[in-house]
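Only one structure is covered here, and it is reproduced in the block below.
All chains are named by letter (A, B, ...) in the order of the sequence lines, taking the proteins before the strands, and each is independently numbered beginning at 1.
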Amino acid sequence: MSAHGHAEGHGQASGGAAHGSFKGYLIGFVLSLILTAIPFWLVMTGAIDDKQVTAIVIMVFAAVQIVVHMVFFLHMNTASEGGWSMLALIFTLILVVIVLTGSLWVMYHLNANMMPGLHDMREMP
Amino acid sequence: MVSTATTAGTEPVFHLEEEHAHAEGGSTMLGFWLYLMSDCLIFAMLFAAYGVLGGNYAAGPAPKDLFDLNLVALNTAMLLFSSITYGFAMLTMDKGRVAATQGWLAVTGLFGLAFLSIELYEFAHLIHEGATPQRSAFLSSYFTLVGTHGLHVTFGIVWLVTLMVQVARFGLIEANRRRLMCLSMFWHFLDVIWIGVFTFVYLMGMLR
């Protein structure tokens, strides 16, 4: 216990808060269980007839669960490391969104427009 | 910081002051977090590749023919259990209880091993059925994405065992606490990536 909690003057949330608490881990665990079980149940039983709707619903569950993990397991908050870890996270998320949406968007249109037979070459000028 | 010392009749002389002392490892957590963010970008690329190529079956097997969601659910549970047990290891570490910390770390490692075993069983099963990485673009990107995650878990377990030896030899000293906190972030981060994997690869694959 002696070595704990000193020489950490770098804006780390003080004391045990940075490592979380038993209650925090338990809340995160129970929430994760629920947020995992529901999407699996939805897909395995086909509870929602429309596949598009099911896909959107399980994506929302995934997004919520990622936030739960970030908060309760990784102890993300705006104060840790003087805000720098949050800034790095936001920057990374922007890059991830650009990479994912950009790739899917561009490649989908490439696929859709480059299909043989879609454009008749004789109609080209 | 710069201080000036003016001696009579001469130009001012500038001395660079020694930077104030940083506690050892004071910036490790932020640095490790930045590493995790760059790792996150690697996975973003692999997810993007899977997103683009995931529908190219080359007349081969599709996710519906290959994946067993019961197995994936079991796998997900293993990783989730290992996350909570690592959390308990951190809590007992805060209380300075060496034996309890080691115990929880061992349990975490066993859950990690269970996860890996199930994943390798699944891979072996797929390859046995002829669904090898060479079969189609879908399978190439699938094995790359899920395999990279599995590789991370493998190295996480190697790291975990290393730290258990460290703690056994030197106890819960400041350096070991810092290392355990880094591994904690790494481990929970892998669980976050797995959320993406089971949602986008397995669950959405079954919906296609």
Side-chain angles (χ1 to χ4, degrees), chain A residues 1-4 6-10 12 16 18-22 24-26 28-29 32-33 35-37 39-40 42-44 51-52 54-55 58-59 61-63 65-66 69-70 72-75 80-82 84-85 88-89 91-93 95-97 99-100 102-104 106-108 111, chain B residues 22-27 29-30 33-34 36-38 40-41 43-45 47-49 51-53 55-56 69-70 72-73 76-77 80-81 83-84 86-88 90-91 93-96 172-175 177 181 184-185 187-189 191-193 195-196 198-200 202-204 206-208:
Chain A
M1 206 54 214
S2 61
H4 180 246
H6 72 89
E8 294 279 2
H10 279 264
Q12 187 78 263
H19 307 187
S21 61
F22 179 74
Y25 277 114
L26 215 58
F29 179 69
S32 303
L33 267 190
L35 292 168
T36 305
F40 269 95
L42 280 178
V43 173
M44 285 163 103
K51 285 185 174 180
Q52 288 279 332
T54 314
I58 64 173
M59 269 160 71
F61 272 106
Q65 199 185 343
I66 286 173
H69 274 245
M70 285 280 176
F72 289 101
F73 290 157
L74 282 165
H75 313 304
S80 60
E81 303 288 345
W84 285 106
S85 38
L89 177 66
F91 177 60
T92 310
L93 286 181
L95 287 184
V96 168
V97 167
V99 166
L100 284 179
S103 306
L104 294 176
V106 169
M107 294 309 285
Y108 171 77
N111 268 343
Chain B
H22 278 280
E24 191 200 334
S27 53
M29 284 304 135
L30 180 58
W33 180 253
L34 293 183
L36 285 184
M37 291 298 99
S38 65
C40 188
L41 291 181
F43 280 107
M45 308 292 163
F47 271 111
V52 169
L53 299 171
N56 302 359
L69 277 191
N70 291 314
V72 181
T76 308
L80 203 54
F81 282 129
S83 253
I84 184 79
Y86 203 108
F88 291 155
M90 295 301 286
L91 293 176
M93 182 194 85
D94 276 350
K95 294 196 180 91
L172 288 171
I173 55 173
E174 190 66 30
R177 286 170 189 270
M181 278 169 69
S184 159
M185 287 161 83
W187 200 263
H188 294 310
F189 167 77
D191 208 0
V192 172
I193 297 294
I195 299 171
F198 79 69
T199 303
F200 286 102
Y202 289 104
L203 293 181
M204 306 258 286
M206 296 303 267
L207 288 175
R208 266 185 216 214

If I compare all heavy atoms of [X] with all of [Y], which pair ends up nearest, and what's the gap?
{"X": "A:K51", "Y": "B:R208", "answer": "NZ-O, 4.3 Å"}
{"X": "B:C40", "Y": "A:V96", "answer": "SG-CG2, 4.3 Å"}
{"X": "B:T199", "Y": "A:A62", "answer": "OG1-CB, 3.4 Å"}

**Message:** Please rank B:S184, B:S83, B:A73, B:G51 by heavy-atom pairs under 4.5 Å with chain A and give me the top one.
**Reply:** B:A73

**Prompt:** Among B:W187, B:F198, B:Y202, B:F200, which has the most heavy-atom pairs under 4.5 Å with chain A?
**Reply:** B:F198

**Message:** Let's test your reading of the structure: which of A:A88, A:S85, A:A37 forms the most heavy-atom pairs below 4.5 Å with chain B?
**Reply:** A:S85

**Message:** For chain B, which candidate among A:L42, A:T92, A:L26 shows the most heavy-atom pairs at distances under 4.5 Å?
**Reply:** A:T92

**Request:** Tell me, with the steps shown, if A:V99 and B:F47 meet side-chain contact (heavy atoms from CB on, under 4.5 Å).
**Result:** CA-CA 9 Å; A:V99 166; B:F47 271 111; over 6 Å; no

**Prompt:** Quick one: are the ring centres of A:F73 and B:Y86 less than 6.0 Å apart?
**Reply:** no

**Prompt:** Between B:F88 and A:F22, does the ring centroid distance fall short of 6.0 Å?
**Reply:** yes

**Asked** Tell me, side chain or backbone of A:L33 under 4.5 Å from chain B's heavy atoms, or both, or neither?
**Response** both

**Fill in**
Applying a strict 4.5 Å limit to non-hydrogen atoms, the region of A:L89 in contact with chain B is both

Do [X] and [Y] come within less than 4.5 Å of each other through their side chains, counting heavy atoms only?
{"X": "B:L80", "Y": "A:H69", "answer": "yes"}
{"X": "A:L74", "Y": "B:W33", "answer": "yes"}
{"X": "B:L53", "Y": "A:M107", "answer": "no"}
{"X": "B:L207", "Y": "A:I58", "answer": "yes"}

**Item:** For B:F43, all residues meeting ring-ring contact (aromatic ring centres under 6.0 Å, His included), sequence neighbours excluded
**Value:** B:H152

**Request:** Heavy-atom distances under 4.5 Å only: say whether B:L34 touches chain A with side chain, backbone, both or neither.
**Result:** side chain

State the [atom1]-[atom2] distance between [X] and [Y], to the nearest 0.5 angstrom.
{"X": "A:F72", "Y": "B:I84", "atom1": "CZ", "atom2": "CD1", "answer": "11.0 Å"}
{"X": "A:S32", "Y": "B:D191", "atom1": "OG", "atom2": "CG", "answer": "7.0 Å"}
{"X": "B:M37", "Y": "A:L93", "atom1": "CE", "atom2": "CG", "answer": "7.5 Å"}
{"X": "A:M44", "Y": "B:L69", "atom1": "CE", "atom2": "CG", "answer": "5.0 Å"}
{"X": "A:H75", "Y": "B:H188", "atom1": "NE2", "atom2": "NE2", "answer": "6.0 Å"}

